[in-house]
Amino acid sequence: MYNRGDLIVRFASKLRLKYLLFLILLVFLLLSLPFGAATSQAAGQNQPAGQPPMRFILVHHPLCVENCPGWISAEGRITSDTPGQFRKILKKIGGRKLPIVFRSEGGDVEAAYAIGRMILKAGLETAVGGTRLKDCPADDLRCNAAIANDGTALGNTYSVGAYCFSACPLAFAGGTERVASQWALIGVHQITTIYNKVRVSYRIEYKIVNGKKKEISRKEVGRKSAGQSSSTKLGKKATAALTGYLKEMGVSADLVGLMMSATPDSINIVPAADSLRMGLVTDMLAYNEWPGMPACGPDVAAEAVCHGHRPVETPVAKMPVQDAAATTGESLPKTRPMDFLLMYNGNCQEECMQWIAADGDITPDTPARLEAILKTLGGRKLPVVLQSNGGDMDAAFAMGRMIRTAGLETSIGRTQLPNCPELDPRCKASIAKNGPTKGEVFASRAYCLSTCTLVLMSGTPRIVGYSSIGLVRPTTAEYTKFLAYFDEMGINAERYETVMPAISTERGRIILPSQALELGIIDGIIPYNEEPGLHVCGPEAKESLRCPRKPEAEAGPVAATVN
C-alpha cells in the first residue's frame, strides 16, 4: 500500500529513468537494401562463350633464318583477365616493337580500353588477321602442340576470313599503325552495360536526440545477388569514356554513331573507305602484304620485308607534255599513246560486265579518241578503267571534263586479254575487230600516275583497289587553271596544296589510299571481292547484276560475349 507521496516519487523516478534510457537507446536495425551496380563486363558475360579467352603467342615465319622480329598473335575473347596476360607478354618481349595481329569476336570493353592504352604506350603496330601455326590441323590453327615451352611458335598469318569485332576494334585502335586488308573484316555494334543487382544488409545504430533519430554507425553484415539487368543506352559517363578513348587513339568520334546503329546481336561491318576516313585503319595492306609485317620506315631498303613500301617514284617529263615520247623515259615501262578498248568479262552469263579500258600515255590526241569511243556507246554509262604514267596536262583536263559531263565512273586497273603474253597484255591478236573485246581486269599492280590522277578524280564515283596512285604538281604557269579544275571537280584544292611542296614538277609522288581519300582524289575503295570496272549498284540494281553494293550490317561469328 503506497501513499500519495510514495506514488509521486516512484512515478517521477520511473519517468526520469525511462527518459534517460530513451536518450541512450541503441536501436539495432537490420536493413536489406537492393541496388544496381554497373559493371564493365561484356554483355552476356556469364552466358556460354564463343571463343575461348584471348591468348597471346609470339610467332615468327618458318622461313626466317636470322633477325626474325615476328609478331604477337592475339586471338580469342577479351576478358577482364586479358590486360594482365598482355602485360606479361609485353614484359617478355622487352623493348622489341612487334606488331599485334588480332582475330577476336570482342568481349570486355574496359579490358579493351586497357589493352589499347598499353599498345599505344609501347608504340606497337596492330593488324587484323589470323595466325596459322606450323603443322597444325585445319580445325585448330593454333594447336598447343605447335607452341614451344617458352610460348613461341613458327607460323604465318592470313587475312581471308579474319575479323576484329565488337570490343576488338577498341584494342586494335591503340596501334601506332593500324592495318587490315580488303579480305579482313572489322565490325562494331552497341555497347551493352550489365547491371548486377545486389541486396546488401546493414546493421545501423541510432540515438534519439531531442526526439529525433540520429544514425551513429552503419556496418555491412551481408550481401546477396539479386539478379542482373542490361542496357544498350550509353550514359553520360560511358559516352565520355568512349569518345575520350577514341580521341586519345586518334580515331574519329563518327565511329560511335556506327556502333550505336547496330544492335548487340548484329554487326556493322566498317567499309574500308570509312575505316580509313575515320582513322580506325591507317593503311590498307596490298595484295602482296600480310598481317604482322612491320610498317616500312622512310629510308627502308627496297628488299626489306615490311608493308607500305613506297614504289620508286617514276620520273615524268615536265608538263605539259607535247607528245608520247616525252612522257617515256628510260626508267618508265615502254608504253604507247593511250588507246581505249570496249571490254566485257568473258565469264559473265546474263548481264555482262562491260567497261572502257584506257591504257597508255595521255597525249594531245587522247581526248579525241575518248570522245570517239563515247559516241559509240549511245549514252550507255560504262566505267572507265585507267592505267597510265600520265602525260599532257591540258589533255587530262579535257578528258576529265568529258567523263564528268557523261557521268561516268572511274577506277584504276590493268586489263588482261586472253592468249596475250604478260609483257603485252593487250596484244592486237586478241582485240575483237567488231564489238567489245573479251578480257579481265585487275587492281593489283595497276597504276595511275601524274596527270592520270586528274582524269581519275573526274569520275562519279571514283573508286580504287590495291593500285598505285600518283600525284602531280603544276608549274607556276599552270597553277591557276590547275586549281580551277579542282574546283570544277568539287575537290578541296587547299588540302592538295598542303602536300604540293613535297612533289617535284619533274617527278610524281605515290600516295596511300587513305591519303587519296582525304584529298578527295577518290571517294571509295573497291570491296574485297570485286575488281575495277564494275558499276556501283544503284537502288534499283537487280540482284543478278555484278556490281559493288553499299555495305550493310552483316551477321558475323558473334557470340553472346561480345559487347
Side-chain angles (χ1 to χ4, degrees), residues 316-328 332-333 335-343 354-415 426 431 436-437 441 446-462 464 467 469-475 477-491 493 496 505 508 521-522 532-533:
V316 293
K318 283 186 178 181
M319 300 169 293
V321 178
Q322 298 304 317
D323 54 49
T327 66
T328 309
L332 284 176
T335 59
R336 53 189 174 222
M338 182 173 282
D339 60 1
F340 300 92
L341 290 179
L342 179 58
M343 302 293 304
Q354 292 191 4
W355 70 97
I356 300 169
D359 196 303
D361 297 315
I362 300 172
T363 71
D365 298 330
T366 306
R369 288 195 290 272
L370 174 60
E371 185 178 21
I373 194 167
L374 292 181
K375 286 181 178 179
T376 67
L377 299 181
R380 284 190 300 153
K381 296 183 181 298
L382 297 186
V384 179
V385 182
L386 299 157
Q387 177 162 267
S388 172
N389 290 308
D392 189 285
M393 181 177 285
D394 287 326
F397 288 156
M399 292 173 64
R401 290 183 175 109
M402 291 168 59
I403 290 172
R404 176 59 62 91
T405 300
L408 306 183
E409 304 161 19
T410 57
S411 58
I412 305 173
R414 56 183 179 85
T415 299
R426 291 158 62 101
I431 298 176
T437 296
V441 64
Y447 52 89
C448 180
L449 309 176
S450 186
T451 55
C452 175
T453 307
L454 300 174
V455 182
L456 174 69
M457 66 176 65
S458 68
T460 52
R462 42 197 180 273
V464 300
S467 305
I469 306 172
L471 292 184
V472 59
R473 181 183 180 187
T475 62
E478 298 159 339
Y479 196 81
T480 301
K481 59 183 178 182
F482 186 87
L483 296 186
Y485 178 80
F486 268 63
D487 184 63
E488 194 176 334
M489 295 297 131
I491 296 173
Y496 198 94
T505 56
I521 293 171
I522 61 174

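What you see below is based on every heavy atom in this structure, not just the backbone, and it leaves out hydrogens, waters and symmetry mates. Starting from 1, each residue takes its place in the sequence as its number.
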ask   = Taking only residues two or more places apart in sequence or in another chain, which ones pass side-chain hydrogen bond (donor to acceptor under 3.5 Å, both in side chains) with Arg426?
value = Asp339
message = Any heavy-atom pair between the side chains of Val384 and Val455 that's under 4.5 Å?
response = no
Check against side-chain contact (heavy atoms from CB on, under 4.5 Å), Val464 and Ile469 = CA-CA 9 Å; Val464 300; Ile469 306 172; 4.0 Å; yes
task = Keeping the roles fixed (side chain from Thr453, backbone from Gly470), state whether a donor-acceptor pair exists under 3.5 Å.
result = yes
query = Listed by chain and number, what are the ring pair (Phe, Tyr, Trp, His ring centres under 6.0 Å) partners of Phe340, not counting sequence neighbours?
reply = none
query = Going by heavy atoms in the side chains, are Leu449 and Asn389 under 4.5 Å from each other?
reply = yes
key: Partner set under side-chain hydrogen bond (donor to acceptor under 3.5 Å, both in side chains) for Glu371, not counting sequence neighbours   = none
key: Atom pair CG (Asp359) and CD (Gln387), whose distance is rounded to the nearest 0.5 Å   = 5.0 Å
inquiry  = Gln354 vs Leu377, test: side-chain contact (heavy atoms from CB on, under 4.5 Å). Steps then yes/no.
reply    = CA-CA 11 Å; Gln354 292 191 4; Leu377 299 181; over 6 Å; no
query = Between Arg369 and Met338, is there a donor-acceptor pair closer than 3.5 Å when you use the side chain of the first and the backbone of the second?
reply = yes
key: Between CD1 on residue Ile356 and NZ on residue Lys381, distance to nearest 0.5 Å   = 11.0 Å
ask   = Any salt bridge (charged side-chain N to carboxylate O under 4.0 Å, His left out) pairs touching residues 481-491, not counting sequence neighbours?
value = Asp394-Lys481, Arg401-Glu488
query = Hey, is the main chain of Met393 close enough, under 3.5 Å, to the side chain of Thr451 for a donor-acceptor pair?
reply = no
key: Ser467: side chain to side chain contact (heavy atoms under 4.5 Å, CB included) partners, not counting sequence neighbours   = Ile412, Ala443, Ala446
request  = Could you check if a side-chain atom of Ile521 sits within less than 4.5 angstrom of a side-chain atom of Leu471, using non-hydrogen atoms only?
outcome  = yes
query = Does a side-chain heavy-atom distance below 4.5 Å link Met399 with Ser458?
reply = no
message = Any side-chain to backbone donor/acceptor pair from Ser388 onto Gly360? Under 3.5 Å, distance only.
response = yes
task = Specify the closest pair of heavy atoms between Pro364 and Ala395, including all atoms of both residues, with the distance to one decimal.
result = CA-CB, 4.2 Å
ask   = Taking all non-hydrogen atoms of both residues, which atom of Ala396 and which atom of Tyr485 are closest, and how far apart?
value = O-OH, 4.2 Å
Atom pair OG1 (Thr366) and CG (Leu370), whose distance is rounded to the nearest 0.5 Å = 9.0 Å
ask   = Got a sec, which residues hit side chain to side chain contact (heavy atoms under 4.5 Å, CB included) with Ile431, two or more places apart in sequence or on another chain?
value = Leu341, Leu417, Thr437
message = Can you tell me how far apart CG (Leu386) and CD1 (Ile403) are? Round to the nearest 0.5 Å.
response = 6.0 Å
query = Is there a side-chain contact between Met457 and Phe486 (heavy atoms, below 4.5 Å)?
reply = yes
